[in-house]
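Notes for the one structure printed next.
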Amino acid sequence: MLADIHIDNLLSIAGPKGATLDASVIAPHLREWRNKFEGQTSLMLMPSDTTTAAKLITYCHEHHIPVVPQGGNTGLVGGGIPGLDGRSEVLFSTRRMTDHCIVNAEDFSITASAGSTVAALQAAASERGLLFPLSLASEGSCTVGGVVSTNAGGIHVLRYGTTRALTLGVEAVLPTGAVVDELTALRKNNTGYNLSQLLVGAEGTLGIVTKATFKLYPQEIQKHTCFLAVESPQKALALMASARRATGDRVSAFELIPRMGLDFVLQHIPGTSDPLGGSYPWYVLTEIATSKPDNALEAEVLSWLEAELAAGTILDGAVASSLQQAQDFWKLRESMSEAQKLEGGSIKHDIAVPVSRVPAFLERATSAVQNFNPDARLVAFGHLGDGNIHFNVMQPSGSDKAAFLASWEEMSTLVHDIVMEFGGSISAEHGIGTLKKDELSRLKSASQLAAMKAIKAALDPHNIMNPGCLFT
Ligand code: FAD
């Protein structure tokens with residue numbers, strides 16, 4: 001438990017609205033969307049500005065008080081939940097850090113506070129005819145600080161890159177309380193270590209991100225959204241390559257969906273319907289877009305579709321004829337996690353392998369899982385364009401959820417070992433958090449882990465920043 005004297009001092013530094021002890025206000029911040037983690041803390045800090053944040057962290061550093069940063073709490077790997085495994089930690093929420101959101105149209109950049117949502121940045125960019133390309137199903141809740149700290153991906157990585165590629169610089173409070181201000185629209189800056197990029201993907205272990213500057217792009221004003229049936233992931237891969245070639249590399253998204261995943265969405269999510277008549281083993285949802293107002297792209301897309309239909313790569317397909325229809329297609333993809341949650345327990349693997357190896361990985365991992373649990377239901381879907389598959393293993397129909405989930409570790413070991421054989425990553429998007437830290441220490445090389453720990457020790461000598469996250 002945090003001593004009363006520290007609570008009083010932190011409340012006083014934070015000011016009237018900058019902290020709370022109210023358990024009913026704190027409660028929603030202690031549980032994740034998937035209900036997999038439940039934390040505890042008596043104190044939530046929630047300053048609205050960098051200066052107060054720095055004073056709070058300075059105090060925590062001086063008194064060795066552990067702090068867990070949290071943005072929108074959509075992370076899903078227990079990285080932003082304080083007090084797990086009996087630890088005594090203060091929650092640091094960025095929910096009030098939302099005052100700053102400035103678009104610089106000439107620099108094609110946007111600078112925003114840590115607590116601003118991705119949806120708010122998209123809207124601010126769009127008002128100026130620009131595109132903030134980060135797009136993920138949690139965009140209404142996830143924040144600038146969260147996406148930077150997890151190096152979030154989403155559906156447009158294929159064309160615009162991950163958050164790391166979009167980040168030009170950050171402002172952060174380091175674990176000692178020192179403020180580093182690297183907010184800049186500079187595209188080139190070779191002056192030693194890139195501290196901003198070090199904070200990208202650090203999951204709150206190296207400080208609090210308080211603001212960030214990101215790249216913007218011209219708004220995509222002509223979009224062609226296609227929902228296509230294919231026989232196999234191998235065919236989907238071939239289709240993606242041909243789409244990139246045929247359209248001058250203007251593929252903005254290329255998602256893979258298995259029939260079972262679509263079935264769960266149709267069954268559990270109101271207002272959804274199957275865009276195609278028949279039933280097919282796999283589907284691709286692709287978006288091909290341009291910032292040019294002419295219709296040249298439309299002709300390219302149509303001739304690509306015709307050629308691939310004739311070649312038999314596409315079994316059936318629909319092209320959205322209105323914005324509403326495009327949104328309906330995307331709802332099918334974006335509801336996949338929600339639908340699976342409603343269907344039952346699932347053991348999730350957020351993995352990546354080189355794009356060309358996705359089909360072979362899926363074949364190999366599916367057969368290994370089926371040997372392990374022949375009745376388990378596999379829903380492997382995701383961002384084929386980045387080789388990032390959400391390889392979810394669902395409980396057998398009618399089985400006991402808790403008993404199935406008890407095999408999480410064994411199942412994950414099996415899947416992650418295959419990921420490593422394919423030269424892949426055990427976390428493509430959500431990070432390590434507390435969920436995968438044992439696996440990280442098992443699968444990263446000793447030299448990589450030693451370097452990471454040396455950086456952590458140098459910047460955070462008292463190990464106060466998110467101490468339960470990333471490292472065992
Ligand atoms: P939180 O969940 O609050 O925190 C995540 C981590 O970042 C924690 O370790 C926390 O300590 C740290 N952190 C948060 N804010 C700060 C800060 N200001 N400074 C330092 N550390 C901080 N992710 C993807 O990449 N791609 C997807 O397509 C995707 N789809 C999703 C779909 C759904 C339905 C859901 C629920 C999640 C999805 N996610 C996806 C995961 C999640 O949305 C992202 O990881 C997101 O970046 C988390 O942002 P957040 O603000 O909610 O962070």
Side-chain angles (χ1 to χ4, degrees), residues 28-37 39 45-47 50 53 57 66-82 84 89 91-98 112-120 134-157 162-164 170-175 198-212 253 255 333-341 348 350 352 381-383 385-386 388-390 427-437 465-470:
H29 296 263
L30 300 179
R31 188 183 270 267
E32 275 189 349
W33 182 75
R34 269 192 332 222
N35 294 330
K36 190 163 168 55
F37 299 96
L45 303 173
M46 39 181 187
T50 306
I57 296 299
V67 178
V68 175
Q70 189 185 90
N73 193 18
T74 65
L76 305 182
V77 289
I81 303 288
L84 296 174
E89 294 164 333
L91 177 57
F92 187 110
S93 168
T94 59
R95 57 189 266 178
R96 292 181 65 240
M97 294 183 142
T98 54
S113 307
S116 308
T117 62
V118 165
L134 196 62
S135 179
L136 49 170
S138 55
E139 63 199 21
S141 307
C142 68
T143 62
V144 164
V147 297
V148 168
S149 301
T150 59
N151 184 24
I155 57 170
H156 290 149
V157 171
T162 60
T163 301
R164 187 180 295 289
V170 306
E171 177 196 81
V173 178
L174 297 181
L198 192 57
L199 284 152
V200 178
E203 301 190 43
T205 60
L206 298 180
I208 308 270
V209 173
T210 48
K211 292 191 187 83
E255 301 288 306
R333 166 63 185 88
E334 281 162 4
S335 307
M336 295 215 49
S337 300
E338 175 71 17
Q340 286 165 55
K341 189 176 159 193
K348 295 179 186 280
D350 159 37
F381 67 103
H383 317 300
D386 327 319
N388 172 198
I389 298 296
H390 299 298
S427 177
E429 291 199 317
H430 296 236
I432 296 297
T434 52
L435 181 69
K436 292 184 183 171
K437 60 185 182 176
M465 286 306 309
N466 217 353
C469 183
L470 215 53

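This one's a predicted model, so the numbers in the text were calculated from it and none came from an experiment. All values below were derived from every heavy atom in this structure, side-chain atoms included, with hydrogens, water molecules and symmetry-related copies excluded. Each ligand, and each atom within it, is numbered from 1 in the order the structure gives.
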Can you list the steps and then say if E203 with S149 is a side-chain hydrogen bond (donor to acceptor under 3.5 Å, both in side chains)? CA-CA 5 Å; E203 301 190 43; S149 301; over 6 Å; no
Quick one: do N73 and R31 satisfy side-chain contact (heavy atoms from CB on, under 4.5 Å)? Show the steps, please. CA-CA 8 Å; N73 193 18; R31 188 183 270 267; 5.8 Å; no
L134 and T163: side-chain contact (heavy atoms from CB on, under 4.5 Å), yes or no, with the steps? CA-CA 7 Å; L134 196 62; T163 301; 3.6 Å; yes
List the steps, then state whether side-chain contact (heavy atoms from CB on, under 4.5 Å) holds for F92 with I208. CA-CA 9 Å; F92 187 110; I208 308 270; 3.6 Å; yes
Could you go step by step and tell me if H383 and V157 meet the side-chain contact (heavy atoms from CB on, under 4.5 Å) rule? CA-CA 8 Å; H383 317 300; V157 171; over 6 Å; no
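Here T74 has heavy atoms under 4.0 Å from ligand 1 in both its backbone and its side chain. With a 4.0 Å cut-off on non-hydrogen atoms, T150 touches ligand 1 through its side chain and not its backbone. Neither the backbone nor the side chain of E338 has a heavy atom within less than 4.0 Å of ligand 1.
Judged by distance alone, with hydrogens and angles left aside, the side-chain atoms of S335 form no donor-acceptor pair with the main-chain N or O of E338 at under 3.5 Å. Q340 places a side-chain N or O within 3.5 Å of a backbone atom of M336 that can act as its donor or acceptor partner. In this structure, the side chain of H430 does not engage the main chain of V77 through any donor-acceptor pair within 3.5 Å.
Between H390 and F381, the ring planes are tilted. Angles from 30° to 60° get that label.
The heavy atom nearest to atom 49 (O) of ligand 1, out of those in C142, G468, G431, is found in C142. For atom 15 (N) of ligand 1, the nearest non-hydrogen atom from the set P82, G145, S141, G80 belongs to G145.
Counting only heavy atoms of the protein, atom 32 (C) of ligand 1 lies nearest to A137 CB, 3.8 Å. Among protein heavy atoms, the minimum distance from atom 11 (O) of ligand 1 is reached at P69 O, 2.6 Å. Among protein heavy atoms, the minimum distance from atom 4 (O) of ligand 1 is reached at G71 N, 4.4 Å. For atom 43 (O) of ligand 1, the closest non-hydrogen atom on the protein side is S138 OG, 2.6 Å. The protein heavy atom nearest to atom 39 (N) of ligand 1 is H430 CE1, 3.4 Å. What sits closest to atom 29 (C) of ligand 1 on the protein, heavy atoms only, is L136 CD1, 3.6 Å. What sits closest to atom 51 (O) of ligand 1 on the protein, heavy atoms only, is T143 OG1, 2.6 Å. The protein heavy atom nearest to atom 19 (N) of ligand 1 is V209 N, 2.9 Å.
Near G75, with a cut-off below 4.0 Å to any heavy atom, the atoms of ligand 1 are 2 (O). If you number the atoms of ligand 1 from 1 as listed, the ones under 4.0 Å from a heavy atom of I208 come out as 19 (N), 20 (C). Heavy-atom proximity to G146, at under 4.0 Å, picks out these atoms of ligand 1: 14 (C), 15 (N), 47 (O), 49 (O), 50 (P), 51 (O), 53 (O). The contact set between ligand 1 and G153, taken as ligand atoms under 4.0 Å from a residue heavy atom, comprises 24 (C), 25 (O), 26 (N). The contact set between ligand 1 and T94, taken as ligand atoms under 4.0 Å from a residue heavy atom, comprises 18 (N). Listed by atom number, the atoms of ligand 1 under 4.0 Å from A152 heavy atoms are 25 (O), 47 (O). Close approach of ligand 1 to S149 is summarised as follows: ligand atoms under 4.0 Å from at least one heavy atom of the residue are 7 (O), 12 (C), 13 (N), 16 (C), 17 (C), 19 (N), 20 (C), 21 (N), 22 (C). Within ligand 1, the atoms closer than 4.0 Å to a non-hydrogen atom of G204 are 20 (C), 21 (N), numbered from 1 in the order shown.
M465 contributes atom CE, which lies 5.0 Å from atom CD1 of I57 (distance to the nearest 0.5 angstrom). A distance of 4.0 Å separates CG of L136 from SG of C142, quoted to the nearest 0.5 Å.
For N466, the closest heavy-atom approach to ligand 1 falls below 4.0 Å. Residue contact annotation: E139 has no non-hydrogen atom under 4.0 Å from ligand 1. Within the 4.0 Å heavy-atom shell around ligand 1 one finds G154.
Residues E89 and L84 approach most closely at OE1-N, 4.4 Å, considering heavy atoms. Listed here is the closest heavy atom pair of G154 and E429: N-OE2, 2.8 Å.
Side-chain contact, N151 with T162: a donor N or O sits under 3.5 Å from an acceptor N or O. Between the side chains of T94 and Q70, no donor-acceptor pair is found at a separation under 3.5 Å.
Looking at ligand 1, you'll find an N or O of G79 within less than 3.5 Å of one of its N or O atoms.
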